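Have a look at the structure below before the remarks.
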Amino acid sequence: MPSQTSNVLIFGATGTVGKHIARSIVESGDFARIGIFTSPDTVQNRPGTLDGLRDRGVEVIAGDITAHQDVEQAFNGFDTVVSCLGRTVLHTQLQMVELADRHHDVKRFFPSEYGTDIEYGPDSAGEPPHQQKLKVRAALRDVKDLEYTYVVTGPYADADGGLFLGAAPVDKEATGTFDVKRKRAVLLGDGNGKISLTTMRDVGELVVAALKHPEASRNRALKVNSFTATPKEIVAEFEKQTGGEAWDVSYTSLEQLKEMEKEAHANGDPRAGPLTLRRIWTEGGTLYDRRDNELIGMEDKMTSLQGAIEQAVRVQTT
Ligand SMILES: NC(=O)c1ccc[n+]([C@@H]2O[C@H](COP(=O)([O-])OP(=O)(O)OC[C@H]3O[C@@H](n4cnc5c(N)ncnc54)[C@H](OP(=O)(O)O)[C@@H]3O)[C@@H](O)[C@H]2O)c1
């Protein structure tokens, strides 16, 4: 096995977190060859994004993620595959894992994780949003030669649509909101439960660090994060950075959250999965005895609570 990653192929590099991961990989300057595999849809509709990547020396390979031949051919010459595919196509990684294991060049696979620890405890196995990712982990354990790394980050400390530090639409704020313009927050639980979060920028840096520490990250979940804070500490930082005035704060208790989650699953509401994740985070499912940042040289290089809120305020006000 090579002790170093030099050639990286990224799937889903144009997505929400994928673009941060791709940018960190490109900006690190540590990899000899960088490629992205992208869909015909992106080729047609987002040529500017792909040109921007090409300008930075990235090879753009277009193809269908469900087509054996396209994927197999794309693997040629890459020793590491980093998948950042979106939730609706996570299952396509099962075939990718099989093809990567058989491929002469590919040695390491990073499946699309970058979120909640899907093997946190005994109850994790039954959580609906974990099912596809669990299948991919099982496939990676079953294959012969392919190494793997799971980068587990907890929720994103970002304010883009639907993310933890974002403003929810007013009629959906009961599922949690930090609304800078309205100076209004709805906190989950009693507001005192700690949550570990990671900014998407840090997710990118952590993936690069994992790629550069292949021994430390071999065949394991790396449980990493930017910082740990309670919802009350988060809202206090928002207040400090928005003029010092107290925000209007209310709470959605864990029991209320569970009720909303149950109803959403029963009604086939697309918010069911996100609600389950928010319930898991509120129950403490992002807390570990120790985090793994140090293993990959990333203990002191993370965005602080203050830095994440500065960015969230900027995103919500510009
Ligand atoms: N921790 C958190 O708070 C959090 C939040 C969001 C997501 N996540 C995790 O991050 C990972 C990536 O999620 P994301 O939201 O960043 O993904 P995304 O933006 O929904 O999609 C990522 C990329 O996947 C490809 N793709 C998506 N749907 C496709 C389709 N139907 N057919 C073909 N290609 C398709 C596209 O790339 P191309 O067109 O370039 O091929 C797309 O840009 C997931 O594992 C997700 O669970 C975590």
Side-chain angles (χ1 to χ4, degrees), residues 9-23 35-54 58-67 70-71 74 81-93 95-96 109-118 120 127-137 149-166 168 175-176 188 195-204 206-207 221 223-226 270-271 273-282 285-286 308 312:
L9 179 64
I10 312 167
F11 286 77
T14 60
T16 307
V17 74
K19 59 180 185 272
H20 292 271
I21 292 173
R23 188 184 53 212
I36 72 156
F37 184 100
T38 192
S39 62
D41 189 55
T42 293
V43 171
Q44 187 168 354
N45 299 317
R46 299 172 64 194
T49 302
L50 300 181
D51 285 343
L53 286 161
R54 281 192 198 95
V58 175
E59 281 172 51
V60 175
I61 303 166
D64 174 359
I65 40 169
T66 64
D70 289 4
V71 173
V81 172
V82 173
S83 167
C84 319
L85 287 170
R87 278 199 165 273
T88 56
V89 285
L90 291 176
H91 61 281
T92 64
Q93 296 176 114
Q95 174 185 279
M96 259 180 222
F109 192 91
F110 284 56
S112 185
E113 288 256 349
Y114 324 113
T116 307
D117 182 3
I118 58 167
Y120 188 80
E127 301 287 11
H130 295 354
Q131 296 312 307
Q132 292 305 328
K133 290 185 180 181
L134 285 168
K135 282 185 195 161
V136 175
R137 284 196 184 189
T149 301
Y150 314 137
V151 179
V152 172
T153 61
Y156 298 154
D158 291 83
D160 312 43
L163 299 181
F164 198 81
L165 298 182
T175 59
L188 302 180
I195 301 184
S196 296
L197 302 117
T198 308
T199 64
M200 289 193 284
R201 174 170 277 278
D202 284 351
V203 175
L206 288 157
V207 170
K223 294 166 192 166
V224 288
N225 52 64
S226 298
R271 285 184 307 155
L275 274 165
T276 295
L277 294 172
R278 282 176 181 248
R279 186 257 302 155
I280 291 170
W281 304 337
T282 306
T286 64

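When a ligand or atom number is given, it counts from 1 through the structure's own listing order. No hydrogens, no waters, no symmetry mates; every other heavy atom, side chains included, goes into these values. Keep in mind that what you see is a predicted model, and the values were worked out from it rather than measured.
- In this structure, the protein non-hydrogen atom closest to atom 23 (C) of ligand 1 is G12 CA, 3.6 Å.
- The single protein non-hydrogen atom nearest to atom 46 (C) of ligand 1 is K133 NZ, 3.8 Å, given as residue, atom name and distance.
- Among all protein heavy atoms, the one lying closest to atom 18 (P) of ligand 1 is G86 CA, 3.8 Å.
- In terms of protein heavy-atom proximity, atom 27 (C) of ligand 1 is nearest to V89 CG2, 3.9 Å.
- Of all the atoms in ligand 1, the ones that sit under 4.0 Å from a non-hydrogen atom of T38 are 38 (P), 39 (O), 40 (O), 41 (O).
- Counting heavy atoms from C-beta on, the side chains of K135 and Q93 never come closer than 4.5 Å.
- Contact annotation: P129 has no heavy atom less than 4.0 Å from any atom of ligand 1.
- The backbone N or O of T14 lies less than 3.5 Å from a partner atom in the side chain of R46, making a donor-acceptor pair.
- Between W281 and ligand 1, not a single N/O pair is under 3.5 Å apart.
- The nearest heavy-atom contact from the protein to atom 10 (O) of ligand 1 is Y156 OH, 3.4 Å.
- Protein heavy atom at the shortest distance from atom 16 (O) of ligand 1 is V17 N, 3.0 Å.
- Here's the thing with L163: none of its N/O atoms is less than 3.5 angstrom from an N/O atom of ligand 1.
- Not a single heavy atom of K19 lies less than 4.0 angstrom from ligand 1.
- Using a non-hydrogen distance threshold of 4.0 Å, A13 does not register as a contact of ligand 1.
- Note: an N/O pair closer than 3.5 Å links G15 and ligand 1 by distance alone.
- Here the side chain of D202 pairs no donor or acceptor atom with the backbone of S226 at under 3.5 angstrom.
- Looking at K19 and M200, their side chains never come closer than 4.5 Å, going by heavy atoms from C-beta outward.
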